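Note that the coordinates shown come from a computational prediction; the quantities given were computed from them, not determined experimentally. Side chains are part of it too, since the values below use all heavy atoms of this structure and drop only hydrogens, waters and symmetry mates.
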Amino acid sequence: MLRITVHLRDEWLLIPCTDPSLHVCWLGSEAISRYTTSYPKREIQADSTFRIRRCVDGGLLSLEDPIKDVLQDNDFIELVIQGDQWMPKQMDLIKSKSVHMSTCLFSMLKWISLDGNSLTTGDLLGLGKGHFKIQVLLSSVHFEMTVFFMVYGVNTGFGNFAQTRIPNDQLKELQDNVIRSHSAGVGAPLSPERTRMLLALRINVLAKGFSGVSMETLNAIVAAFNASCLSWVPEQGTVGASGDLAPLAHLVLGLMGEGVMWSPQSGWADARAVLEGHGLTPLILKPKEGLALINGTQMITALGVEAVERAQAIARQADIIAALTIQTLKGTPKAFDPDIHAVRPQQGQVEVAWRLRSVLHSDVFHSEISVKGGERVQDAYTLRCCPQVHGVANDTIAFVKKILTTELNSATDNPLVFAERGITISGGNFHGEYPAKALDFLAIGVHELANISERRIERLCNPSLSELPAFLVKNGGLNSGFMIAHCTAAALVSENKVLCHPSSVDSLSTSAGTEDHVSMGGWAARKALRVVQHVEQVLAIELLAACQALEFHRPLKTTPPLEKVYGLVRSVVRPWDRDRAMSPDIEAVHKLIQQEKVGVWCALPILKKTQRKYEAESDAMVNPPYFSSRLGQPS
């Protein structure tokens, strides 16, 4: 899917294009339709003629051209209705800072201080979303480097050329060359959000004070971040040792004014023009600075942070989705009794059982479905063993988050500069094995949430297991209901089983045998993100199926918290009374999950009413402040 930003009469509209083979004319018509919907008083005639040009170079586009042939993701275009005037050239707009972009500029109203020691995964995610500007607090004293002996990467070549001394008059050229030669990545570019995370994390590492870069260079990088001037960084090309060389080289190449960059005002454009348009000058690298800027695990770690934060969000919501399925299948909450989990006190298992008890039928929250349906002696494993299966996913996420938090605040350069000792030492902190292994673990752990969810979807759709209409639809045969939605869940789970093969068990020798063991952490991070997205989508399908199953229990009601979850889903997706296209509904609920709206916290006002009853045990609460060990104990 391409995302194109359209300027139309002083407003900026972000248009998603799911079919890039459509013509440019469609893009213009869609922009006009959205404009008139958003601003009904600013009427545009439906039959108005218009012209379109690229913002970056002013190039006119033929309305008959396929979008994919003339535009790229995150491009900016201008649409002019007949009789209107073109806006000034894009670079003039950047320099004057007169562009109002309320729908596509990131709101950077707050500042965050980076010191190389205290960055959290949540902070980095916020930096990626544009919630903060950066100011730097140096952790140690920087010193200008004067070298009289051979120091790797300062006055020697790189990799297999480590023993080749470079003359003093060629040291600047050496640093420029390492950036250019290492900019050898391939594939789609990172999104602006992920590039912003990558740049922020590199700044944090430099602020730690062991990289040997000047304050002038560090301040220039911070200024580029705060202006949201972001280099083109292809996602493929790192083997995860010696650090993420290729993607970080691309990150620096744009800062040097070479290649292309993106900013909210310009879209993709010539890097030097983007920098100068924001009043910035290209980097001029000093000795060691080229190597210092590209040697580290920031690509692996930045993508890993997004993966672990999203994994944590979906893990918490998975418990509530499972609870709704348990309820619609008339499952028993007996398996979540606190005494069962006290005798096997795995932390994640205990927390999941608490969450399930908090929303299922109990002496606090009554369910008419449970009261009328009675209770079974025990349920199938996919229902009964949720605490054990979901629990280990939670514990895996916590483990990975700890590893990544340490990595966020670690000096991963080579060589490292120890100013107080006045020495520079070569080491191996650039090796990405820690985050690579952790992210392989993450993929395996969080995948199980989808694996068990798909089996619950099967139980909901299979009338011999659910006592509900086949595939959760009336007039089966004429209607197919959730038949293929379940197939989609099965397909995603199958893909995950392949993606969960650990990349970090592989290693290929590079640089003529000098770099003879690598982590493959870049692929570990990228596939972990894909696994997490698949898990979100499978759980979205389960949530849709569980809400549809609830329709067949009406007029009976489930517990108040689960009714709130049902109401949230029904605010974006109506029930199925006959077949319709399901992809938009799956995507709508997927967005709710990504926004972390599906969970007990959507029923917080109801739960707070019962909280006073359990104040004596408040010290046992975990995560959201209403999960106590007694809240929701089965009656």
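- In terms of heavy atoms, Val535 sits closest to Ala450 at CG2-CB, 3.8 Å.
- To the nearest 0.5 Å, the span separating CD1 on Ile457 from CZ on Arg459 amounts to 13.0 Å.
- Contact record, Val493 with Asn451: CG1-OD1, 3.5 Å, taken as the closest heavy-atom pair.
- Under the 3.5 Å distance criterion, with hydrogens and angles disregarded, a donor-acceptor pair is assigned to the side chains of Ser370 and Gln327.
- Residues passing the salt bridge (charged side-chain N to carboxylate O under 4.0 Å, His left out) test with Arg344, sequence neighbours excluded: none.
- The CG atom of Leu190 sits 6.0 Å away from atom CG of Leu303, with the distance rounded to the nearest 0.5 Å.
- Residues meeting the salt bridge (charged side-chain N to carboxylate O under 4.0 Å, His left out) test with Arg554, sequence neighbours left out: Glu563.
- Contact detail for Ile300 and Pro435: the closest heavy-atom pair is CG2-CB, 3.7 Å.
- Listed by first and then second residue, the side chain to side chain donor-acceptor pair (under 3.5 Å) pairs that reach into residues 576-586 are Arg580-Asp585, sequence neighbours excluded.
- For Ala318, the side-chain contact (heavy atoms from CB on, under 4.5 Å) partners two or more places apart in sequence, or in a different chain, are His390, Leu449, Leu539.
- Residues passing the ring pair (Phe, Tyr, Trp, His ring centres under 6.0 Å) test with Tyr434, sequence neighbours excluded: none.
- Side-chain contact between Arg310 and Gln533 is present, with heavy atoms from C-beta onward closer than 4.5 Å.
- Using cut-offs of 30° and 60° for the angle between ring planes, the His366 and His361 rings count as perpendicular.
- Residues Lys110 and Lys133 have side chains not in contact (no heavy-atom distance under 4.5 Å, counting atoms from C-beta outward).
- Remark: Tyr381 pairs with Arg384, Cys385 by the side-chain contact (heavy atoms from CB on, under 4.5 Å) rule, at least two apart or across chains.
- Judged as a side chain to side chain donor-acceptor pair (under 3.5 Å), the pairs with a partner in residues 401-410 (not counting sequence neighbours) are, in order, Asn204-Asn409, Thr297-Glu407, Glu309-Lys401, Gln312-Lys401.
- For the side chain to side chain donor-acceptor pair (under 3.5 Å) test, no residue two or more places apart in sequence or in another chain qualifies with Glu587.
- Looking at heavy atoms from C-beta onward, Gln378 lies out of side-chain contact with Thr332 at the 4.5 angstrom threshold.
- For Phe482 against Leu472, the heavy-atom pair with the smallest separation is CD1-CB, 4.0 Å.
- For residues 441-457, the salt bridge (Lys or Arg N to Asp or Glu O under 4.0 Å) pairs, not counting sequence neighbours, are Arg456-Glu542.
- Taking each heavy atom of Ala323 and Leu356 in turn, the nearest pair found is CB-CD2, 3.8 Å.
- Every residue meeting the side-chain contact (heavy atoms from CB on, under 4.5 Å) condition with Arg570, not counting sequence neighbours, appears here in chain and number order: Cys547, Gln548, Glu551, Tyr566, Val573, Pro575.
- Contact detail for Ile403 and Ala438: the closest heavy-atom pair is CG2-CB, 3.9 Å.
- Residues passing the salt bridge (charged side-chain N to carboxylate O under 4.0 Å, His left out) test with Asp379 are Arg376, sequence neighbours excluded.
- Between Lys591 and Val572 the shortest side-chain heavy-atom distance does not fall below 4.5 Å.
- In this structure the side chain of Leu125 reaches within 4.5 angstrom of the side chain of Glu306, judged on heavy atoms.
- When the side-chain contact (heavy atoms from CB on, under 4.5 Å) test is applied to Ala546, the partners found at least two apart in sequence or on another chain are Leu324, Thr325, Leu460.
- Side chains of Ser228 and Arg196: a donor on one and an acceptor on the other come within 3.5 Å.
- Between Met197 and Leu127 the shortest side-chain heavy-atom distance does not fall below 4.5 Å.
- When side chains are defined from C-beta on, Thr328 does not count as touching Ile369, because their heavy atoms never get closer than 4.5 Å.
- Leu2 has its side chain out of reach of Ile15: every pair of non-hydrogen atoms, C-beta onward, lies at least 4.5 Å apart.
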